[in-house]
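Worksheet: one structure, shown below.
All chains are named by letter (A, B, ...) in the order of the sequence lines, taking the proteins before the strands, and each is independently numbered beginning at 1. Quick caveat: nothing in here was measured; it's all calculated off a predicted structure.
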There are 4 protein chains.
Amino acid sequence: MTAQAQPGAKVSGRAQAQCERILCAAQKCFIEHGFHAAGMALIAETAGMSPGLIYRYFPSKSAIILAIVERQLERSRANIRSLHDAPDFKEAAFNAFLLWRDADPCQVNAALFLEMSAEASRDPMIAAGLRTCDQEIRHELAAWLSASVAAGGKGLSAELARVRAITLQTFFEGLSVRALREPDTPLEELKAAIADFVDGLFST
Amino acid sequence: MTAQAQPGAKVSGRAQAQCERILCAAQKCFIEHGFHAAGMALIAETAGMSPGLIYRYFPSKSAIILAIVERQLERSRANIRSLHDAPDFKEAAFNAFLLWRDADPCQVNAALFLEMSAEASRDPMIAAGLRTCDQEIRHELAAWLSASVAAGGKGLSAELARVRAITLQTFFEGLSVRALREPDTPLEELKAAIADFVDGLFST
Amino acid sequence: MTAQAQPGAKVSGRAQAQCERILCAAQKCFIEHGFHAAGMALIAETAGMSPGLIYRYFPSKSAIILAIVERQLERSRANIRSLHDAPDFKEAAFNAFLLWRDADPCQVNAALFLEMSAEASRDPMIAAGLRTCDQEIRHELAAWLSASVAAGGKGLSAELARVRAITLQTFFEGLSVRALREPDTPLEELKAAIADFVDGLFST
Amino acid sequence: MTAQAQPGAKVSGRAQAQCERILCAAQKCFIEHGFHAAGMALIAETAGMSPGLIYRYFPSKSAIILAIVERQLERSRANIRSLHDAPDFKEAAFNAFLLWRDADPCQVNAALFLEMSAEASRDPMIAAGLRTCDQEIRHELAAWLSASVAAGGKGLSAELARVRAITLQTFFEGLSVRALREPDTPLEELKAAIADFVDGLFST
DNA sequence: CATGAATGAGTGTTCATTCAT
DNA sequence: AATGAATGAACACTCATTCAT
């Protein structure tokens, strides 16, 4: 019961807490200024530490992005799993989008999502990380779509589930772009478009 | 009526040609290396001129992006208008995506599209340009959707046309993200997803 | 006759002059502060230009050292060839050492020589450059030693000439070390040691 | 007489042991990576202690080099004294060089020797230390050279002994440079050059 | 109109040194 | 006595932009 209090965990806890501080600060800076414009000095200042200290925890700037991607993977998985219990998918999708758009600075959000996607076209490590992340999320989505209705799923055939997972993923990624390119789009319009999309797919 | 009678136009013609050369070169470089990694020196070399000369036609690197955005607007409008004559929307959508993904260097493509979207979150001028572009495209789409079937349209009500234009736009933007994050996705899978999406929206 | 005035040579002349300025400044800085302690900013300031401009002419700091090494090679060769006409080798050797020790900042001197040797143990490119330089100088020395007395040489057998070239080279390199480790050694003592060394080798 | 009776000495003994560990580790690191490339962190790790602890025994990185120089002085003296008993100086000189070139990590060797010499041109404390070291070694050499043949010496006059000590010292320093600049020189060539040098000096 | 040499502020990263524990 | 996390001032190098020619 007191296992959490063991000294080893304590030490590791300190390091992990520093990593958290750095990742949160980096996310905030990347969102506000973009990946290239956010210098290590700014990230360090935001994290309340010196630039040099960051390199004790991450070997490079790219490694920080990579860590953000990997951290996000688990969060996305949790979000998708929560769909199993959602009474109305249309509502759930809209709420997910809202969270995604206006996430607190310690969550990946739409802006950072695009920033990372753009960076992937240059940095192979980031590209690989994103690819893995996307695949896992798609598998999770397909699992939900092919689960029986009784189990909170949609009861689709395995084949259709795979295709529709792509369709859903694509549309949600499109929403991220929308949020960035026309941030002042009225929410009702987006809600209507989401409804239009979901109704079409799951109408039968 | 004769060209010689308009010396101003002649000069303007040359200037416009230079602008074209710069914009094409810049697009090529941005697509190949990304917005930040493509230096002005590379753009100048690609355009076959000196770096200094670029600044005679564009006040800054951002201004070049802006011009690319605006130039793309007209092209997109033309693309959408061609939908009126397309026999099968599903097929047309897939072909549009292919062009978009593998565009020749003088066309905006998926990679550049995301690059610009990400940049917009920092540069207000680019943001404004993209917003205008998106709106015009959406209006064009809505016009097509609400046109009568006889006129090559879809005969939707004005209200539904507006919503569905957003839905379509969102999905296509999502396809851009897909193309960048998982470039090796089999084309058949994407084609199936596009079909899944279009079938759902226009099934009735 | 006016070939030197051709425009091509003029342009190349400008670039070469800049290279010279950089190399001279770098040599001065390396001698005064050492290779690592002499920052690019200091070299640039010494050369009367901005740091960025150096990189138009040399791709890296190491490349500057390499260029210095290569430039020195030709100078050393010329020095050795002048031995053919020297009436007294003992005198010539001592004078060569004096020049070497107190060279003007645009000549490699003892301090820079050691700096480069030490750096070679880390930078393989510099190591390769120095190796080539040493070999060429040794060959030049051997050629002089095996030339007939009538031709200003020493008339040694080819085999002995090769060995003795190493002996001479080694001793001269030792003089560089001496000049740095005990700079206030009386010149007469060094002159006596040089005489002792030369007398021994060429006594018969 | 008992160690316990001298608590001060005990403490000093521990401190001295720590100093030894640091010096050996530093020498190893300097030889393997060079003076500037060997960081305090690496030295600390090699010595099996924390970086901070080193500063309890040495005020700076330069102080470590200085201590290495001083420690080497005694070792060199011992080496020279062993010449008294050497049957063949030529052989002894070659063996000394081999040891010098491939010394175990707790001995100063050729690479470190040059590293220190180069550093001396900047750091006055190191320069002073090296100067003292060189003088003592030269005196030791001169003493051997002027000792009677019966005593294992060379029986030179005091004056010639002083000069020849410089000659010998210079040549050996030159061998260090050779070892670094052309490490793949065949040993036989160096042996021949050493023989050439020694034969010349001691031929009569 | 056109050049390309020149600028200089800015980048990610390193490392000798310090100090709270 | 000992730790190792933390500092911060460097460093080599880049690149959008300017300007003398």
Side-chain angles (χ1 to χ4, degrees), chain A residues 11 14-15 17-18 21 35-45 47-64, chain B residues 11 14-15 17-18 33 35-45 47-64, chain C residues 11 14-15 17-18 21 35-45 47-64, chain D residues 11 14-15 17-18 33 35-45 47-64:
Chain A
V11 167
R14 175 90 87 178
Q18 292 284 57
R21 265 172 73 197
F35 183 53
H36 283 97
M40 293 301 271
L42 180 63
I43 295 173
E45 196 191 16
M49 58 178 67
S50 65
L53 190 53
I54 293 180
Y55 288 86
R56 185 172 288 273
Y57 300 101
F58 296 96
S60 71
K61 207 181 176 187
S62 282
I64 295 179
Chain B
V11 168
R14 174 167 183 78
Q18 293 282 58
H33 306 91
F35 181 53
H36 285 98
M40 292 299 270
L42 180 63
I43 295 172
E45 195 192 17
M49 58 179 65
S50 65
L53 191 52
I54 292 181
Y55 286 86
R56 196 168 281 276
Y57 299 101
F58 296 95
S60 72
K61 207 180 175 187
S62 283
I64 295 178
Chain C
V11 168
R14 176 92 87 178
Q18 293 283 57
R21 266 172 71 199
F35 183 54
H36 283 97
M40 293 301 271
L42 180 62
I43 295 172
E45 196 191 16
M49 57 179 64
S50 65
L53 190 53
I54 294 181
Y55 288 86
R56 184 172 288 273
Y57 301 100
F58 296 96
S60 71
K61 207 181 176 186
S62 282
I64 296 178
Chain D
V11 167
R14 172 168 184 80
Q18 293 282 55
H33 306 91
F35 181 53
H36 284 98
M40 293 298 271
L42 180 62
I43 296 173
E45 195 192 17
M49 58 178 67
S50 66
L53 191 52
I54 293 181
Y55 286 85
R56 197 167 280 276
Y57 299 101
F58 296 95
S60 73
K61 207 178 174 188
S62 283
I64 295 179

**OP:** With a 3.5 angstrom cut-off on both distances, give the Watson-Crick or G-U wobble partner of E:dT21, or none if there isn't one.
**Re:** F:dA2
Original post:
With respect to the side chain of D:Y57, which nucleotide from E:dG12, F:dT17, F:dA2 is positioned closest?
Top reply: F:dA2
Original post:
For E:dA5, does either OP1 or OP2 sit under 4.0 Å from a side-chain N or O belonging to C:R14?
Top reply: no
Original post:
What integer distance in Å separates A:F58:CZ from E:dG12:C1'?
Top reply: 16 Å
Original post:
At under 4.0 Å, does any side-chain N or O of C:Y55 touch on OP1 or OP2 of F:dT14?
Top reply: no
Original post:
Of all the nucleotides listed (E:dT17, F:dA2, E:dA2), which has the minimum atom distance to the side chain of D:Q18?
Top reply: F:dA2
Subject >> Short side-chain N/O contact to E:dA6 OP1/OP2 from C:R21, under 4.0 Å >> reply: no
Subject >> Comparing C:I54 and A:M40 on DNA chain E - which has the more 5′ nearest nucleotide >> reply: C:I54
Subject >> Pairwise side-chain contact, A:Q18 with A:M49, heavy-atom cut-off 4.5 Å (strictly under) >> reply: yes
Original post:
Could you state the CZ-C1' distance from C:F35 to F:dA12, rounded to the nearest angstrom?
Top reply: 11 Å
Subject >> Given DNA chain F, 5'-ward residue of the pair A:P51 and B:A37, judged by closest heavy atom >> reply: A:P51
**OP:** Figure out the CD/C1' separation between C:E45 and E:dG8, and round it to whole Å.
**Re:** 13 Å
Subject >> B:G39 vs D:M49, nearer the 5' end of DNA chain F by closest nucleotide >> reply: D:M49
Original post:
Can you name the closest pair of heavy atoms from B:S50 and B:A44 and give their distance?
Top reply: C-CB, 3.7 Å
Original post:
Within this structure, what is the CD1-to-P distance between C:I43 and F:dA10, rounded to whole angstrom?
Top reply: 17 Å
**OP:** Hey, could you give me the CZ/CG distance between A:R21 and A:L53, rounded to the nearest 0.5 Å?
**Re:** 8.0 Å
**OP:** Between E:dA2, F:dT3, E:dG4, spot the one nearest the side chain of D:L53, thanks.
**Re:** F:dT3
Original post:
Partner of E:dA9 by Watson-Crick or G-U wobble geometry, both contacts under 3.5 Å, or none?
Top reply: F:dT14
**OP:** Calculate the interatomic distance between C:H36 atom NE2 and F:dA9 atom P; express it in whole Å.
**Re:** 22 Å
Original post:
What heavy-atom pair brings A:K61 and A:H36 nearest, and what distance separates the two atoms?
Top reply: NZ-O, 3.9 Å
Original post:
A:I64 has an atom CD1; how far is it from atom C1' of E:dT11, in whole Å?
Top reply: 14 Å
Subject >> For E:dA16, the Watson-Crick or wobble counterpart (both distances under 3.5 Å) >> reply: F:dT7
**OP:** Could you tell me the separation between the CG atom of B:L42 and the C1' atom of F:dT14, rounded to a whole number of Å?
**Re:** 14 Å
Original post:
Heavy atoms, side chains only, cut-off 4.5 Å: are C:I64 and C:M40 in contact?
Top reply: yes
Original post:
OP1, OP2 of F:dG4 versus side-chain N and O of D:S50: anything below 4.0 Å?
Top reply: no
**OP:** Assign C:A38 to base, sugar-phosphate, or nothing according to its heavy-atom contacts below 4.0 angstrom with the strands shown.
**Re:** sugar-phosphate
Subject >> Nearest-angstrom distance from the residue atom NE2 of B:H33 to P of F:dA16 >> reply: 13 Å
Original post:
How do D:A41 and B:R56 order along DNA chain E: which one's closest nucleotide is nearer the 5' end?
Top reply: B:R56
